[in-house]
Each structure stands twice: as C-alpha cells, then as structure tokens.
Amino acid sequence: MGYIDTKGNIVIPFGYTTVHEFSNGVILMGKDKKYGLINKQGEIIVPLTSSNFSLNTNNDKRKYRINDTYYDHYGREIESDKD
C-alpha cells in the first residue's frame, strides 16, 4: 500500500503492509512489522524501526506511541518513557 495525490503522483511509495488514515498530515505506516510516521510529502518523521505501536484518538486528535515515545497528531515528540 501507498498513497497517490489527486493528480496521480506517487506521494508515498507503494510497498507498505500497514496503513492508517492521515490525521493532520501525518500517517502511521508499517512495513516488515516495523512502524513509524510519515507526512503527506512522503517524508519520514519517525523512522520505521519500531516493532510495536499504539494509536489513541481523542476529539479528532491522535496520540501515537512508538516504542517508548509518544507523538502528537502532528508527529511531534511530546513525551518519553525512556530513562
């Protein structure tokens, strides 16, 4: 799976196995059981290195947890469980 824009241009190359919906220009995607965040320009915000993730939605705002780090609905790091 991947994404194309309204003009038919490939924005995010095909080949991902897990794809969630965009939220504020950010999408959670996975490949080979590794997950990360990508923006609508196809830029990797959080590298696809995590073997686990969670996704919470509250009032149309998402909170992503990838490994021990939390990201807001724009893909910005907001907290970490790391010591």
Side-chain angles (χ1 to χ4, degrees):
M1 293 178 255
Y3 277 94
I4 58 172
D5 64 17
T6 56
K7 296 179 182 179
N9 299 311
I10 296 174
V11 177
I12 298 176
F14 292 84
Y16 293 93
T17 53
T18 303
V19 178
H20 289 266
E21 294 179 14
F22 275 102
S23 175
N24 294 302
V26 175
I27 189 168
L28 176 72
M29 298 187 79
K31 184 176 184 179
D32 300 325
K33 297 183 181 180
K34 300 291 183 184
Y35 307 94
L37 299 175
I38 299 175
N39 66 20
K40 279 192 173 183
Q41 291 73 40
E43 301 166 330
I44 296 174
I45 299 170
V46 177
L48 283 74
T49 58
S50 174
S51 59
N52 59 54
F53 72 90
S54 64
L55 171 64
N56 298 312
T57 302
N58 186 12
N59 297 327
D60 294 328
K61 293 186 179 180
R62 290 185 178 178
K63 182 177 181 182
Y64 305 93
R65 181 177 187 214
I66 300 175
N67 284 334
D68 295 325
T69 304
Y70 293 87
Y71 300 88
D72 69 9
H73 55 281
Y74 294 108
R76 298 179 298 215
E77 185 176 329
I78 52 175
E79 60 186 277
S80 177
D81 290 341
K82 298 175 187 174
D83 293 322

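Values in this document were obtained by computation on a predicted structure and should not be read as measured data.
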- Item | Steps toward side chain to side chain contact (heavy atoms under 4.5 Å, CB included) verdict (R76, Y70) | CA-CA 8 Å; R76 298 179 298 215; Y70 293 87; over 6 Å; no

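- Remark: aromatic rings of H20 and Y64 are distant, center separation not under 6.0 Å.
- L28 is connected to Y71 through a chain of hydrophobic side-chain contacts under 4.5 Å among Ile, Leu, Val, Met, Phe, Trp and Tyr, so both are in one cluster.
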Contacts under 3.5 angstrom, residues 4-16 side chains, donor-acceptor by atom type, not counting sequence neighbours:
from	atom 1	to	atom 2	distance (Å)
D5	OD1	K7	N	2.9
D5	OD1	G8	N	3.0
D5	OD1	N9	N	2.8
D5	OD2	N9	ND2	3.3

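- Here the straight-line distance linking atom OG1 of T17 with atom NZ of K31 works out to 8.5 Å at 0.5 Å rounding.
- Within the structure, every pair that satisfies the side-chain hydrogen bond (donor to acceptor under 3.5 Å, both in side chains) test and touches residues 36-46, not counting sequence neighbours, is listed here: N39-Q41, N39-E43.
- Between K34 and S50 the shortest side-chain heavy-atom distance does not fall below 4.5 Å.
- Summarising the geometry of M29 relative to M1, their closest heavy-atom pair is CE-O, 4.4 Å, with the distance given to 0.1 Å.
- No single ILVMFWY cluster, assembled from side-chain heavy atoms under 4.5 Å apart, contains both I44 and I66.
- Counting heavy atoms from C-beta on, the side chains of T18 and Y35 come closer than 4.5 Å.
- In the hydrophobic cluster analysis, where Ile, Leu, Val, Met, Phe, Trp and Tyr join through side-chain heavy atoms closer than 4.5 angstrom, V46 is grouped together with V26.
- If you take CG on N67 and OG1 on T49, they are separated by 6.0 Å, rounding to the nearest 0.5 Å.
- Criterion: ILVMFWY side-chain heavy atoms under 4.5 Å apart, direct or through other members. Under it, Y74 and L37 are not part of a common hydrophobic cluster.
- Under the 4.5 Å side-chain heavy-atom criterion for ILVMFWY residues, a single connected hydrophobic cluster contains both I38 and V19.
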